Amino acid sequence: MIGEEKVRSEFLNLCFEKLMMVAAGNSGEGVKRKGAVITEWKDIPMELLLRIVSLVDDRTAIVASGVCSGWRDAICLGLTHLCLSWCWKNMNNLVLSLAPKFTKLLTLVLRQENPQLEDTAVETIAKFCHDLQDLDLSKSFKLGDRSFYALAHGCPNLTKLNISGCTSFSDEGLEYLTKFCQKLKILNLCGCVKAATDCALQAIGQNCNMLHSLNLGWCDNVGDLGVTSLAYGCPDLRCLDLCGCVRITDDSVIALANGCLHLRSLGLYYCRNITDTAMYSLAHSRVKNKASIWQSMKGRYDDEGLRSLNISQCTALTPSAVQALCDTFPALHTCSGRHSLVMSGCLNLTSVHCACAVQSHRTLNSILHTAH
């Protein structure tokens, strides 16, 4: 026991030294407080402690919370952002231990390389962390709908949720979640094949009207019905990734062009049912909605419109339609170093160029002409 206490004391002293180095700007000198120099960890005032903890890594903050009851209360109530992605083993047990203490968390990152989290951990988070706004559960292959049900009732203030790669969730669970977490603005469902269906997207369109960003990459159960419901239910949508959603057709893009006037980024990689009709609908929507956007944006019209588009492997598209779209949205670039219009695998679109690429070509020709 004496040996363990000695090791614990030495470990705490090391942590103290680390905290003091951060507070003193790594100068090696003690931290001054109202004329006195703080030389022991017990002397640190709580407000200074919280400021220091905000600057160190999360592992050190967790260790610091175990120093004494005063530190525990101050850190657990003062810490609002926590990342445990560094925990490669026993993350589930760590969450079970920490969630009841860190009840004021706003952001919690639990991204994993190897699946560790189980539903019990998420249920504990939902039970104690009611203020949570940003939750990252990506690659949590072991999680099921129990986690959705817990979050629905325990974390209604979620605005950002990342469950990419969580393949065990169902669309019924996702529908249930959207009924209670209606403040969602950013939702990542990439690879959630079972959860991301037309039924789920209909629920999102009905319940999550504040949504700004949605990633549906490689969710091959998504079709036109779901995307159309999303387009008209989430008018503030700005970023949508439909890469690999092989079932969608022009109808989805037409709905987005008509319903989502603020769309800035659209991913259509490998959506091979997309044709020129979709491109022309996007281009026409800018012209058709120019007046209304001008009124609402009060002169910021040029900042609106598509700024990123991925149509790689959309082999049915022709140069004339894509060029018309490129001409309509000046922020879409094909020039080297910018490439916000991605067309990989579309060999028939090599003639498409953005405005600045055309201008560069004209400038070069002018220089060569002058030289002669």
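Values in this document were obtained by computation on a predicted structure and should not be read as measured data. When reading the values below, keep in mind they use all heavy atoms of this one structure, side chains included, and skip hydrogens, waters and symmetry mates.
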For Met210 and Gln182: C-alpha separation, side-chain torsions, deciding distance, then whether side chain to side chain contact (heavy atoms under 4.5 Å, CB included) applies. CA-CA 8 Å; Met210 299 166 63; Gln182 298 188 4; over 6 Å; no
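- With no hydrogens or angles considered, no side-chain donor-acceptor pair links Thr197 and Asn221 at under 3.5 Å.
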Take Leu184 and Lys160 through the side chain to side chain contact (heavy atoms under 4.5 Å, CB included) test and state the conclusion after the steps. CA-CA 6 Å; Leu184 281 171; Lys160 183 177 180 180; 6.0 Å; no
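- The main-chain N or O of Ser213 is never found under 3.5 Å from a side-chain atom of Arg238 such that the two would form a donor-acceptor pair.
- Nearest heavy atom pair, residue Cys155 against residue Ala126, reads SG-CA, 3.8 Å.
- Annotation: the span from Thr60 atom OG1 to Ile62 atom CD1 amounts to 9.0 Å, rounded to 0.5 Å.
- A donor-acceptor contact shorter than 3.5 Å links the side chain of Ser54 to the backbone of Arg51.
- Panel note: side chain Asp145, backbone Ser170; a donor-acceptor pair is recorded below 3.5 Å.
- The two atoms that bring Ala316 and Ile274 nearest to each other are CB-O, 3.6 Å, heavy atoms only.
- In this structure, Leu161 and Leu177 have side chains that are in contact, with non-hydrogen atoms separated by less than 4.5 Å.
- In this structure, CD1 on Ile248 lies 12.0 Å from CG on Asp220, to the nearest 0.5 angstrom.
- Taking 4.5 Å as the limit, some side-chain heavy atom of Met279 sits within range of a side-chain heavy atom of Leu317.
- If you chain together hydrophobic residues whose side chains sit under 4.5 Å apart, Trp86 and Leu105 fall into the same group.
- With hydrophobic clusters built from ILVMFWY side chains whose heavy atoms lie under 4.5 angstrom apart, Tyr149 shares a cluster with Phe180.
- Among all heavy-atom pairs drawn from Cys181 and Leu158, the shortest one is SG-CD1, 4.3 Å.
- A continuous path of ILVMFWY side-chain contacts below 4.5 Å connects Leu117 to Leu135, so both sit in one hydrophobic cluster.
- In terms of modelled atom types and a separation under 3.5 Å, the side chain of Glu175 and the main chain of Ala203 share no donor-acceptor contact.
- Looking only at distances, a side-chain donor or acceptor of Ser312 sits under 3.5 Å from a matching main-chain atom of Ser344.
- Taken together through direct or relayed side-chain contacts under 4.5 Å among Ile, Leu, Val, Met, Phe, Trp and Tyr, Ile254 and Leu216 form parts of separate hydrophobic clusters.
- With hydrogens and angles left out, the side-chain atoms of Gln323 and Asp327 include a donor and acceptor closer than 3.5 Å.
- No side-chain heavy atom of Leu214 sits less than 4.5 Å from a side-chain heavy atom of Asp241.
- Surrounding CZ of Arg146 are more than 12 heavy atoms belonging to other residues, nucleotides or ligands, all under 6.0 Å away.
- Test Ile311, Leu309, Leu332, Asp276 against Val322 for side chain to side chain contact (heavy atoms under 4.5 Å, CB included) and you get one pass: Ile311.
- When all heavy atoms are compared, the tightest approach of Asn92 to Gln116 is CB-O, 3.7 Å.
- At distances below 3.5 Å, at least one donor-acceptor pair connects side-chain atoms of Ser85 with backbone N or O atoms of Arg111.
- To the nearest 0.5 angstrom, Leu82 atom CG is 10.0 Å from Thr107 atom OG1.
- None of Val222, Asn162, Asn215, Ile204 except one satisfies the side chain to side chain contact (heavy atoms under 4.5 Å, CB included) rule with Leu189; the exception is Ile204.
- Heavy atoms only, all atoms of each residue included: Leu151 and Leu137 are closest at CD1-CD1, 4.3 Å.
- Contact of the Leu211 side chain with the Lys185 side chain is not registered, since no non-hydrogen atoms from C-beta on lie closer than 4.5 Å.
- Across Ser97 and Lys101, no two heavy atoms sit closer than the pair O-CE, 3.6 Å.
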key: From CA spacing to verdict: side chain to side chain contact (heavy atoms under 4.5 Å, CB included), His333, His339   = CA-CA 5 Å; His333 293 281; His339 284 297; over 6 Å; no
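- Inspection of the Thr249 and Asn273 side chains reveals no N or O donor paired with an N or O acceptor under 3.5 Å.
- Side-chain atoms of Arg286 come within 3.5 Å of backbone N or O of Thr328 as a donor-acceptor pair.
- In this structure, a donor-acceptor pair under 3.5 Å is present between the side chains of Gln112 and Ser140.
- Under the 4.5 Å side-chain criterion, counting only non-hydrogen atoms from C-beta, Leu341 is not in contact with Cys354.
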Discussion item. Using side chain to side chain contact (heavy atoms under 4.5 Å, CB included), reason through Asp198 and Ser229 one step at a time and then give a plain yes or no.
Written reply: CA-CA 8 Å; Asp198 284 346; Ser229 300; over 6 Å; no
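- Residues Arg338 and Cys356 have side chains in contact (heavy-atom distance under 4.5 Å, counting atoms from C-beta outward).
- The backbone N or O of Phe141 lies less than 3.5 Å from a partner atom in the side chain of Ser168, making a donor-acceptor pair.
- Aromatic ring orientation, Trp218 versus Tyr269: perpendicular (interplanar angle above 60°, classes split at 30° and 60°).
- With ring centers used as reference points, Phe148 lies under 6.0 Å from Phe169.
- Remark: the backbone N or O of Asp224 is paired with a side-chain donor or acceptor of Thr228 at under 3.5 angstrom.
- Proximity of a side-chain donor or acceptor of Ser340 to a complementary backbone N or O of Ala331 within less than 3.5 Å is detected.
- Residues Asn157 and Lys183 meet the side-chain proximity criterion, which asks for heavy atoms closer than 4.5 Å.
- Between Leu98 and Leu84 the shortest side-chain heavy-atom distance falls below 4.5 Å.
- A distance of 12.5 Å separates SG of Cys243 from OH of Tyr270, quoted to the nearest 0.5 Å.
- Under a hydrophobic-cluster definition in which Ile, Leu, Val, Met, Phe, Trp and Tyr are linked whenever side-chain heavy atoms come within less than 4.5 Å, directly or via other members, Val122 and Leu94 are assigned to the same cluster.
- Rounding to the nearest 0.5 angstrom, the gap separating the CG atom in Leu237 from the SG atom in Cys208 is 11.5 Å.
- Between Phe102 and His81, the ring centre distance reaches or exceeds 6.0 Å.
- Distance check: Leu108 CG to Asp136 CG gives 8.5 Å after rounding to the nearest 0.5 Å.
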